[in-house]
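To keep things clear, I will list the structure first and then write my remarks on it.
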Amino acid sequence: MEQTLVILKPSCVERGLIGDVISRIQNKGITIIGMKMMQLNEQILREHYSHLVEKPFFPGLCASMMATPVVCMVLKGIDVVEVFRTMTGSTNGRKAAPGTLRGDFCMSGQANIVHASDSVESAKVEIARFFRPDEIFDYTPDNLAFLYADDEL
Ligand code: UDP
Ligand code: MG
């Protein structure tokens, strides 16, 4: 099964939305196989947002990501990278569709609650960046037969 990296950003932590986001993940039938709090620093953010380091908003983005500790998670499920990106919604919360995390919980294009890996390849790199192998608990939930049909597994 696929895995994806999620970061509950300082905008999520500070606004008391950690539980709401985790509820949505669990209600969907996605399995959480890693979860921890971390204080990010500029070094890890320069790697994580390497596609954005030259942008004028990068210093502000870094500051916003270091404002409080974050919660990092590894999620598991069939097609979970795409499923969770769809649940996350467009980057700008003001344009994100209602029903998505960003569409329902934020008004910002920067303080937008969650990070979600955007491809299977980047998920692998990002999980290795934020988690040691022994921090991931790749267990199989007991209710798997009720989450998926046999021919999907
Ligand atoms: N971001 C920003 N200003 C922008 C575009 C992006 O502050 O104009 C921030 C925002 O927090 C976003 C993050 O940079 O979530 C990463 O940008 P990306 O384009 O990868 O969007 P995402 O994959 O998070 O939707
Ligand atoms: Mg991105």
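We count ligands from 1, going down the list as the structure has it; atoms in each ligand are counted the same way.
- Distance check: Met38 CE to Ile7 CD1 gives 8.0 Å after rounding to the nearest 0.5 Å.
- Ionic pairing of Glu2 and Lys76 is not present here: no N-O contact between side-chain nitrogen and carboxylate oxygen is shorter than 4.0 angstrom.
- Note on Phe137: it does not cluster hydrophobically with Met37, by side-chain heavy-atom contacts below 4.5 Å among ILVMFWY residues.
- In summary, the side chains of Asp118 and Ser122 do present a donor paired with an acceptor at a separation below 3.5 Å, with no hydrogens or angles considered.
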**Study point:** salt bridge (charged side-chain N to carboxylate O under 4.0 Å, His left out) between Glu82 and Arg85, worked out
**Key:** CA-CA 5 Å; Glu82 189 188 345; Arg85 279 292 285 195; over 6 Å; no
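- In the hydrophobic clustering of ILVMFWY residues, with side-chain heavy atoms under 4.5 Å counting as a link, Phe84 and Ile18 come out together.
- Protein residues are said to neighbour a ligand when one of their heavy atoms lies under 4.0 Å from it; for ligand 1 these are Lys9, Tyr49, His51, Leu52, Phe57, Leu61, Arg85, Thr91, Arg102, Gly109, Gln110, Asn112.
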